[in-house]
Chemist: 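Can you read through this structure? Questions will come right after.
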Amino acid sequence: MSKRLLIVEDDPGLQSQMRWCFSEDLEVSVADTRESALAALRRLEPDVVTLDLGLPPDPGGATEGFALLEDILRLSPQTKVIVVTGREDKENAVKAIGMGACDFYQKPLDADILTFVVNRALRLAELERENQELQTTQNGTSIKGIVAASPQMLSICRTLEKVAPTDVTTLITGETGTGKELLARALHDLSHRSGKPFAAINCAAIPENLLESELFGYEKGAFTGATQSKKGKIENANGGTLFLDEIGDMPMALQAKLLRFLQERVIDRVGSVTPIPVDVRVVCATHREVRQLIDSGDFREDLYYRISEITLDVPAVRERDGDALVIAKSLLKSLGKQMDRPNLAFSEDAVRAIGGYPWPGNVREMINKVKRATIMADGKRVTAEDLELQSDVSTLDTQLNLRQVRESAERQAIMQALQTSNFNMAQAARLLGITRPTLYNLTDKYKIESSAEAAGTRQ
């Protein structure tokens with residue numbers, strides 16, 4: 001891929017001088033106004049922009065240049081901007097760097113210095129791009145147990161990495177089998193509490209009459225059979241992390257006591273009147289819609305606000321673009337090693353089946369199917385039949401038809417540009433970074449009405 005440079009300069013003489021400073025392996029384009037620069041930015045997606053702050057209609061000032069700098073950083077944050085200023089404009093250069101420009105260059109023109117500054121910016125852009133590609137190749141996350149390549153899941157992981165060093169109470173929501181406990185453990189492992197206990201309790205798996213004593217502990221003689229005092233899960237997690245799984249199933253009576261603990265950070269053991277201070281971070285999880293539970297009166301709204309200082313909504317496997325196959329391959333590799341079948345791979349029909357199946361049981365269901373397939377596969381290829389899945393060739397072919405995907409995205413972008421510009425064709429063309437005749441050709445190709453009235457009539 002060739003490197004691209006956009007020169008934004010309103011002086012034709014300087015345009016020519018700057019253009020000839022660079023070798024032929026660099027694709028150089030020129031713009032002389034804010035509007036033409038934005039159009040070139042959208043159309044060419046340059047790696048580096050050299051920006052003269054003095055642009056019309058304010059060639060003697062810097063207002064237009066600063067406005068364009070803001071536009072570039074907003075529309076293309078990965079683009080490196082080098083601000084070109086006069087000898088007496090050091091304040092503007094410093095201001096531009098503070099706004100996000102990567103470097104500045106002072107007139108008069110010196111070909112060697114300009115080439116050096118631009119090449120340095122190009123190298124920086126290349127390194128950032130390589131780093132981003134490397135992160136994507138490595139599944140984008142270092143969180144133990146989490147295999148992900150989709151933007152939906154990577155966003156969750158990035159948020160988790162930011163939240164982990166803090167002590168905020170976190171609520172993890174999502175369908176059963178999406179890996180909520182793995183994320184809870186990651187919050188603990190990436191925090192300053194990682195050397196302390198991680199205590200987990202499933203609120204739905206313990207009978208209501210026992211859950212209180214399991215959480216808060218009890219004193220000797222508090223009830224029949226209490227022959228000695230016992231610490232609860234909260235007290236055992238002191239200094240570490242308490243994970244309350246399926247918090248949506250906690251009984252209402254116990255919710256009030258949990259709320260008091262979250263507010264005061266003290267507990268009362270069953271049968272005791274002496275409060276015990278506890279320093280613990282609380283992470284909760286549920287597969288249920290908490291808002292619906294609040295509306296039905298099954299969950300306290302004030303408790304919800306206490307446990308959801310930060311909420312991580314984990315998407316289902318079917319909602320993670322491309323993750324189903326990535327996870328399945330990772331499982332096949334690890335399970336194959338466990339079962340002494342390290343050279344297994346998925347056949348083409350298995351790949352199609354994995355991509356087309358909705359995975360209602362999420363990762364938990366996938367583990368079961370891949371484990372079965374690892375055992376049942378006859379040769380070194382795991383088939384859709386081994387996975388007990390059906391291969392839908394037509395569905396996958398439709399998903400992977402590049403022309404259809406491209407045309408669908410192109411049509412959607414044109415419709416959005418027309419609606420944003422109130423069906424002004426010239427403005428819409430500028431937003432899309434194309435010429436007006438090209439836009440007319442595209443609206444004819446996709447049979448898109450080019451006026452608000454006609455579009456409204458069709459709807």
Side-chain angles (χ1 to χ4, degrees), residues 135-157 160 172-186 189 200 202 204-205 245-246 285 287 312-402 405:
Q135 288 182 346
T136 303
T137 303
Q138 295 179 339
N139 291 334
T141 176
S142 59
I143 296 175
K144 183 180 178 181
I146 298 296
V147 178
S150 66
Q152 298 91 337
M153 200 59 191
L154 292 181
S155 176
I156 293 291
C157 293
L160 185 146
I172 306 174
T173 62
E175 295 181 8
T176 300
T178 51
K180 297 188 290 297
E181 184 167 352
L182 282 175
L183 294 176
R185 288 188 177 275
D189 293 340
N202 190 320
D245 199 6
E246 299 303 346
H287 74 284
L312 299 177
D313 189 13
V314 186
V317 170
R318 62 182 172 277
E319 297 168 351
R320 307 177 194 175
D321 298 338
D323 267 4
L325 184 58
V326 173
I327 297 170
K329 285 183 175 180
S330 177
L331 288 172
L332 184 64
K333 183 177 180 180
S334 60
L335 291 171
K337 287 182 179 179
Q338 291 177 22
M339 299 181 183
D340 199 26
R341 302 196 67 181
N343 298 320
L344 289 176
F346 289 118
S347 63
E348 290 185 12
D349 69 323
V351 170
R352 286 194 293 266
I354 291 168
Y357 185 64
W359 298 107
N362 294 292
V363 179
R364 194 167 295 152
E365 179 186 9
M366 190 178 289
I367 292 172
N368 290 341
K369 287 191 176 296
V370 174
K371 183 177 289 187
R372 179 193 185 279
T374 304
I375 297 170
M376 300 303 296
D378 290 327
K380 293 185 178 181
R381 308 288 282 182
V382 173
T383 65
E385 184 179 356
D386 296 329
L387 290 164
E388 293 187 323
L389 298 175
Q390 291 184 347
S391 175
D392 189 345
V393 179
S394 60
T395 300
L396 187 75
D397 288 345
T398 301
Q399 293 173 343
L400 297 184
N401 189 310
L402 184 60
V405 172

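Any value given below was found using the heavy atoms of this structure, including those in side chains, with hydrogens, waters and symmetry copies removed. All values derive from a computational prediction rather than experimental measurement.
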Chemist: Can you name the nearest heavy-atom pair linking L183 to L160, along with the distance?
Modeler: O-CD1, 3.5 Å
Chemist: For V382 and L387, run side chain to side chain contact (heavy atoms under 4.5 Å, CB included): C-alpha distance rounded to whole Å, both residues' side-chain angles, the deciding distance at 0.1 Å, then the answer.
Modeler: CA-CA 8 Å; V382 173; L387 290 164; 4.1 Å; yes
Chemist: What are the two closest non-hydrogen atoms of E181 and A200, and how far apart are they?
Modeler: OE2-CB, 4.3 Å
Chemist: OG1 of T178 to CG of L312: how many Å apart, nearest 0.5 Å?
Modeler: 11.0 Å
Chemist: Hey, is the main chain of T176 close enough, under 3.5 Å, to the side chain of N362 for a donor-acceptor pair?
Modeler: yes
Chemist: Which side-chain hydrogen bond (donor to acceptor under 3.5 Å, both in side chains) pairs, counting each pair once, include a residue from residues 320-334, with sequence neighbours left out?
Modeler: S150-D323, Q152-D321
Chemist: Should the heavy atoms of other residues, nucleotides or ligands under 6.0 Å from CE of M339 be counted, would the total exceed 12?
Modeler: yes
Chemist: Can you tell me how far the NE2 atom of H287 sits from the OG1 atom of T173, to the nearest 0.5 Å?
Modeler: 11.5 Å
Chemist: So, applying side-chain contact (heavy atoms from CB on, under 4.5 Å) with L344, which one of T374, D386, V370 is it?
Modeler: T374
Chemist: Checking side-chain hydrogen bond (donor to acceptor under 3.5 Å, both in side chains) against Y357, which of R352, E365, R318 comes through?
Modeler: E365
Chemist: Does the pair W359 and K369 meet the rule for a side chain to side chain contact (heavy atoms under 4.5 Å, CB included), with working shown?
Modeler: CA-CA 10 Å; W359 298 107; K369 287 191 176 296; 3.7 Å; yes
Chemist: Quick one: salt bridge (Lys or Arg N to Asp or Glu O under 4.0 Å) partners of E388, sequence neighbours excluded?
Modeler: R372
Chemist: When you measure from the side chain of K380 to the backbone N and O of R341, does any donor-acceptor pair fall under 3.5 Å?
Modeler: no
Chemist: Restricting to non-hydrogen atoms, name the atom on M366 and the atom on A324 that form the minimum distance, rounded to 0.1 Å.
Modeler: CE-O, 3.6 Å
Chemist: Taking atom CG of D245 and atom CG of N202, what is their separation to the nearest 0.5 Å?
Modeler: 5.0 Å
Chemist: How far does CG of L389 sit from CD1 of I354, to the nearest 0.5 angstrom?
Modeler: 7.0 Å
Chemist: When you look at M153 and V314, which way does the side chain to side chain contact (heavy atoms under 4.5 Å, CB included) test go after all the steps?
Modeler: CA-CA 7 Å; M153 200 59 191; V314 186; 4.0 Å; yes
